[in-house]
Protein chains: 2
Amino acid sequence: MIRTNPKLLTIIDNWLQNRPEEIGHRSFTAGERLVFQDEQIRFVYIMQSGLAKCFITEENGRDYILEFFGEGEIMGELELITGKGSLSNVAAITDLTTFRVRAAFFTAELAGNRELAQLIMEQLAIRLEQTAMRASYQQIYPLEYNLLKLLYLSSEQELQLSKRDIADYLAISIRSLNRALKELRNRNIINPDSYNAIISREQLAQVLQEFDRLI
Amino acid sequence: MIRTNPKLLTIIDNWLQNRPEEIGHRSFTAGERLVFQDEQIRFVYIMQSGLAKCFITEENGRDYILEFFGEGEIMGELELITGKGSLSNVAAITDLTTFRVRAAFFTAELAGNRELAQLIMEQLAIRLEQTAMRASYQQIYPLEYNLLKLLYLSSEQELQLSKRDIADYLAISIRSLNRALKELRNRNIINPDSYNAIISREQLAQVLQEFDRLI
DNA sequence: ACCGGCGCGGGACATTTGTCCTGCCACCAG
DNA sequence: CTGGTGGCAGGACAAATGTCCCGCGCCGGT
């Protein structure tokens with residue numbers, strides 16, 4: 001759900017010690033953009049604290065959220081590897097702080113630093129795996145199942161998402177989201193007054209399991 | 001649409017010259033499985049000729065096709081990097097021939113062979129990019145648009161897909177696919193008698209553009 | 001105090017998609 | 001020849017989802 005990457009932070013630590021001049025710090029306020037779709041990447045950002053969303057804006061104006069970034073997550077690396085403009089936007093959901101690394105330095109490190117290369121390779125593999133799995137089940141299972149899954153995952157972490165973000169993550173309209181939430185409220189699976197307060201994680205886990213069995 | 005990776009074949013050539021004992025050959029007949037979801041990977045296969053599909057089978061029995069593999073495409077590398085069982089199945093669509101490499105050898109090469117590591121990293125990046133883009137537009141745009149796009153792309157290559165495969169790629173039922181095809185036939189966008197013979201590529205390109213404009 | 005904007009909630013209706021089922025036809029094995 | 005299987009086509013109905021719209025309440029600025 002929210003991805004994090006602690007190992008990358010240790011590499012940043014190394015850089016801070018040995019190449020402090022290469023590591024910038026940059027804060028963003030909630031709502032601010034860090035990365036703009038289609039633009040060339042000039043800096044790689046690594047999340048130090050806070051929460052961001054990574055999303056693609058389609059030509060009809062709708063957004064699709066690919067992932068949420070937490071501590072240690074990196075953005076821009078994919079684009080430096082493919083050499084293209086940015087695949088997606090990244091926007092701060094909460095206020096956040098980041099480490100900032102020049103593209104040229106990062107690219108050079110990627111070529112020379114075995115540990116970093118290994119880490120980024122694993123990172124890409126994990127993202128690909130998770131993106132593929134989500135593309136599959138999100139399209140194949142009914143909305144209600146995906147929503148429950150999302151609520152379950154987001155209840156594990158603090159995470160207070162707006163309806164807009166939930167809808168964009170699930171690739172549905174807000175109206176459909178409201179319908180599904182109402183249905184869950186009627187069945188006492190989620191709290192009547194706040195849509196992301198789940199009545200009990202145990203109950204939710206059970207509902208998910210029943211789904212798995214039925215399907 | 002169908003991915004290929006010519007560069008990887010040159011690395012295979014190198015291996016064939018210098019480490020011929022490490023490179024096996026294996027043929028598969030149409031329909032045969034090369035890779036089984038959730039199973040541990042023991043060999044990496046690289047496509048030499050033919051066409052294969054890579055797909056996830058969900059617990060309800062429905063398949064989602066992630067990509068089609070053509071010449072030079074590799075399978076199993078992601079799993080060797082993450083160390084998990086296979087993300088997906090791979091099945092031969094046509095008869096095909098492959099190069100086969102032991103997992104241990106491939107992993108060792110990945111650690112020691114800079115050129116290979118670079119290539120695999122690019123490969124992962126491209127797959128991630130394309131998977132993410134498809135997840136986004138396939139969920140956000142209407143079926144008809146996605147179908148047209150698929151027909152357009154598949155007309156660029158030879159590629160004669162079964163209805164089952166088209167439906168699994170678009171994550172829809174065959175019934176919905178039939179409806180959409182009928183609609184396109186009525187509008188003289190595709191050939192009345194064979195569903196993947198497009199009347200004219202120019203016309204199709206134009207329809208797609210109109211879509212883009214409307215949206 | 002008041003207005004405007006914005007997020008939430010949901011009614012009404014149209015459209016899209018899935019499910020179930022039936023028929024047709026080609027092909028293959030017995 | 002014949003029965004079985006599998007792919008193609010589509011009718012009928014149900015369920016899911018989108019679009020458009022209105023109303024409510026909160027909050028910040030003037």
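Proteins get letters first, then strands, A, B, ... in listed order; numbering begins at 1 in each.
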Between P of dA15(D) and CD of Glu183(A), the distance in whole Å: 12 Å

Ring-face cation of Arg62(A) near Tyr64(A) (centre distance under 6.0 Å, axis angle within 45°): no

Note: Arg33(B)-Glu39(B) ion pair, threshold 4.0 Å (strictly below): no

Presence of Arg185(A) side-chain N/O under 4.0 Å of dG10(C) phosphate oxygens OP1/OP2: yes

OP1 or OP2 of dG6(D) under 4.0 Å from side-chain N/O of Lys163(B): no

Donor-acceptor under 3.5 Å (Thr94(B) side chain, Leu51(B) main chain): yes

Interatomic distance where CG belongs to Asp165(B) and P belongs to dG7(D) [whole Å]: 10 Å

Short side-chain N/O contact to dG9(C) OP1/OP2 from Asn178(A), under 4.0 Å: yes

Euclidean distance, atom CD1 of residue Ile140(B) to atom C1' of dT17(D) [Å, nearest integer]: 15 Å

Rounded distance in Å - CG (Asp168(A)) to P (dG18(D)): 12 Å

Per-nucleotide protein contact string for nucleotides 13-20 of chain C, where B marks a base within reach and S marks sugar-phosphate only (heavy atoms under 4.0 Å, - for neither): ----BBBB

Whether Tyr169(B) and Phe68(B) hold their rings parallel, tilted or perpendicular, with breakpoints at 30° and 60°: parallel

